[in-house]
Amino acid sequence: MIDKQCKSAAEAVEGIKDGAVILVGGFGQTGEPMDLLDAIAARGLRDLTIVANGGGSGEHGIGRLLAAGCVRKLVCSFPRVPGSVAFEELYEQRAIELEIVPQGTIAERVRAGGAGIPAFYVPTGAGTELADGKELREFEGRTFVMEHAIKGDVAVIKADRADRWGNLTYRLSARNFNPVMAMGAELTIAQVEECVPLGGMDPETIITPSIFVDRVVEIPGGVSNG
Amino acid sequence: MIDKQCKSAAEAVEGIKDGAVILVGGFGQTGEPMDLLDAIAARGLRDLTIVANGGGSGEHGIGRLLAAGCVRKLVCSFPRVPGSVAFEELYEQRAIELEIVPQGTIAERVRAGGAGIPAFYVPTGAGTELADGKELREFEGRTFVMEHAIKGDVAVIKADRADRWGNLTYRLSARNFNPVMAMGAELTIAQVEECVPLGGMDPETIITPSIFVDRVVEIPGGVSNG
Amino acid sequence: MADGLTRNQMAWRLGRDIAEGSYVNLGVGIPLLVLEHAPGGREIIFHSENGVLGMKPKDETDGILPDDLTNAGKQPVSLVPGAAMFHHADSFIMIRGGHVDIAVLGAYQVAENGDLANWRLPGSPTAPAVGGAMDLAAGARNVWVICEHNGRDGAPKIVRECTLPLTGPGSVNRIYTDLAIIDVTPDGLVVREKIETLSLEDLQALSGAPLTLANGWRPLEAPDL
Amino acid sequence: MADGLTRNQMAWRLGRDIAEGSYVNLGVGIPLLVLEHAPGGREIIFHSENGVLGMKPKDETDGILPDDLTNAGKQPVSLVPGAAMFHHADSFIMIRGGHVDIAVLGAYQVAENGDLANWRLPGSPTAPAVGGAMDLAAGARNVWVICEHNGRDGAPKIVRECTLPLTGPGSVNRIYTDLAIIDVTPDGLVVREKIETLSLEDLQALSGAPLTLANGWRPLEAPDL
């Protein structure tokens, strides 16, 4: 019997290594897998690369991972919001590498990583400093930027419901980056509000099919920054 | 008030021109928008390029369009199934251009067309004759094929339910290419089993959001090839 | 000097120009005020890059947890009938693929050729942050900028050439400020509306690029808000 | 000559090698027979490129219209609990992105280096048709071929080099025929199982590339089906 359910966040994040590239779902606090990130921070890992939309805020989640000194590099579109204290401190001290990527390009690069597409072209960023050093190419008279796939060693995401195979649904805009990150990593770990019996989810309304999910942990409520 | 609903298939296909590139949903007969295709055939258009998974079968749908002499070129992965009489006849007479594209590459090329991505790289077809004449490139020691976006002038698709804004859901595997084709064209036309009032669809379970849909026509049952 | 519009009035005024049936993305800051002041009786579908189509201002009675549904500025919103949810990659298909009719964005500078700078202030000690601005600048069918005509230091935001890092070249179609509505055209910047009591000369003095007044220009007006 | 397995027995035998929890795509033809003969008591998730994960043989009592749910061969199927539906682009993310553990494909020819030819017969008057075969050959983690050991004309399907147009270079990991199970290894083709009464010499005579017999090879067996 397939059973991807773990008993705790700690068990769910076992095996992640120093130096791992970790894809993190969420947009602001919405859909951020705080408990899994806290569990990673508790492991005291080092030199992680975090790929996410933002740089976290408050003392849980990405914020905790940053404050705990686990992160060498942050790849994101919008590192700071009010409350991004840990990030701001590291940035001021030049104690973190930062790669700013347009939001849609992050999503597409991670999807490409999951889709077996090593590179693709976008108009986004052409003619701006974010295209500096990137390969440019014209198609039909317009300039495009070549972007490379991002592949995660691990994805940590938050979903609403799961079954023991790892099929997932999300709550409204808490969906955001989560299904995208789920596709892009070797090991995808989801914290969910509720586990339901196999067959308890309508096949038509599953957003992340089980093939993309390796571990599930039920954490009703979960910690939050606010 | 936004109302994308048309009164008939004939009204829904108004304005399509000779020479148009038409993206067609469906896989086999499942999800093929037969009534819209029959209505296009009835208009006697010429020199159409059809982008679809297959070459149709029977006397409705793509089969009718081919038999009526509307099609100059077929871009597909699998042109013939038992019953693809119209296609086989045109092919024997060399009266149709055929571009064979791997199934996943069709889907991705059309998605790219809808996503503002002019080109991307895939491993599919590398080292085979379907890569002949295509640009190759190595990434991390493996050879990939550059594939270009396909943009449709029109997409004709079949869905299950719609509202007057054009939000769509599908029936099981009748989903197949339909949501992909819906994204890839200037003008997207959907035939649906049932129109429901605005607000009658759960926002979480809509598969094709209304932004991709221009016209909707309710045709319960619809014609079928048997 | 004539009084200009308030931010709410600017947002209200921009809203009047959105045609029924438009799909409109609202950037953070002043652009999001358009949601509050959208014209009634007209169906406009607001897109948020975090996977929402069909948002409306937060209705506290909708039973949705504030953290489950936010706009691009991470503020709680609600849904209209006909709304749809999707993930980030699909959301940016809509943006990059030209499916969004209008992106409303803030600006540090807009050049007469439509170049937009709105994401980074060199020399700022804070980290740069681009969000979806470059995707919107590159992908939306129309980019409307909404911003004060001049910065806090009085410097014009409308310029011949952007001196700040670009968000996108040639992206902007129209500019809504507290003083005027200006089209970016192949023939330069054309004032379609301006505060009635403000002369073109005075408006020009507040601007860093040459303006011409449209035939049939109208007074820029908005109700008290 | 020893009797080989029937197609159903070949499919049955292949099914025994699929580990629990595997995501498995089945090509049209003999591969789809694996669905009918999958091992009981083991959860295997069958993928169909037309947007199905978790299919099972058609259960006429499931109330699903035959045209609403088909496999890659356009035949009606049913769903297991835990099934999920998706569209074609997402389906090929699973395939191209290496998420499908095993693709089971038919073959015209398999070369000793794993080259696969299964999509086009030059000189055939019918149009070529590739379907998802190249995507699967390029993307699945493991490609298992299932085919008769020899064609109707007796020609070996296992060859030194494919003479027919390739579906994918170096794609195949393992070959299931009516006579043997053969691994494609860096050291060449290794017979893991063969019909017990068939000597390696006889099997070699029916094959177009050199075979070696694995230490601990086992007899290829299947129940009557």
Side-chain angles (χ1 to χ4, degrees), chain A residues 1-5 23 107-120 149-153 155 159 161-170 175 179-188 195-216, chain D residues 18-25 39-56 59 62-64 68-69 77-103 132 134-141 168 171:
Chain A
M1 197 179 86
I2 303 166
D3 191 358
K4 300 180 182 174
Q5 295 168 102
L23 316 178
E108 193 66 19
R109 287 177 65 188
V110 171
R111 176 189 181 273
I117 293 171
F120 57 91
I150 295 175
K151 283 190 186 182
D153 297 306
R161 301 203 310 158
D163 58 29
R164 65 179 166 80
W165 283 8
N167 289 301
L168 304 177
T169 58
Y170 302 88
R175 187 182 304 188
V180 183
M181 299 309 189
M183 296 188 288
E186 276 304 303
L187 173 71
T188 292
C195 283
V196 302
L198 195 71
M201 302 170 80
D202 176 354
E204 306 251 32
T205 68
I206 287 166
I207 302 302
T208 296
S210 65
I211 194 169
F212 296 119
V213 179
D214 299 287
R215 299 179 189 170
V216 167
Chain D
I18 303 174
E20 181 156 74
S22 299
Y23 291 87
V24 181
N25 180 287
R42 198 185 296 177
E43 291 186 333
I44 295 167
I45 300 159
F46 289 103
H47 174 269
S48 190
E49 50 261 51
N50 51 321
V52 190
L53 206 49
M55 62 175 175
K56 67 175 185 182
D59 167 2
D62 71 356
I64 295 174
D68 282 348
L69 183 62
V77 291
S78 290
L79 296 178
V80 299
M85 313 304 301
F86 35 87
H87 63 53
H88 251 92
D90 283 348
S91 184
F92 281 83
I93 289 178
M94 299 176 190
I95 292 172
R96 203 190 308 102
H99 306 278
V100 169
D101 296 303
I102 303 164
M134 286 191 185
D135 307 272
L136 288 157
R141 288 191 199 179
S171 303

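Just so we're on the same page: letters track the sequence lines, and every chain starts at 1. As a basis for the values below, the full set of heavy atoms in this structure was taken, side chains included, without hydrogen atoms, waters or symmetry mates.
Considering all non-hydrogen atoms of both residues, Arg96(D) and Ala115(A) come closest at NH1-O, 2.9 Å. In terms of heavy-atom proximity, Pro209(A) sits nearest to Met94(D) at CG-CE, 3.6 Å. Smallest separation of non-hydrogen atoms from Gly82(D) and Asn167(A): O-ND2, 2.8 Å.
Comparing Ala83(D), Gly41(D), Ala138(D) by how many heavy-atom pairs each has under 4.5 Å with chain A, the most go to Ala83(D). Counting heavy-atom pairs closer than 4.5 Å to chain D, the top residue among Leu198(A), Asp202(A), Ile207(A) is Leu198(A).
The contact list for residues 48-56 of chain D toward chain A, using heavy atoms and a distance under 4.5 Å, reads Leu53(D) by residue number.
By the side chain to side chain contact (heavy atoms under 4.5 Å, CB included) test, Glu20(D) pairs with Ile2(A), Arg42(D), Glu43(D), sequence neighbours left out. With sequence neighbours excluded, the residues forming a salt bridge (charged side-chain N to carboxylate O under 4.0 Å, His left out) with Asp62(D) are Lys58(D), listed by chain and number. Residues passing the ring-ring contact (aromatic ring centres under 6.0 Å, His included) test with Tyr23(D), sequence neighbours excluded: none.
Put simply, the side chain of Phe86(D) does not reach to within 4.5 Å of the side chain of Ile211(A), judged on heavy atoms.
Only the side chain of Lys4(A) comes within less than 4.5 Å of a heavy atom in chain D; its backbone stays farther off.
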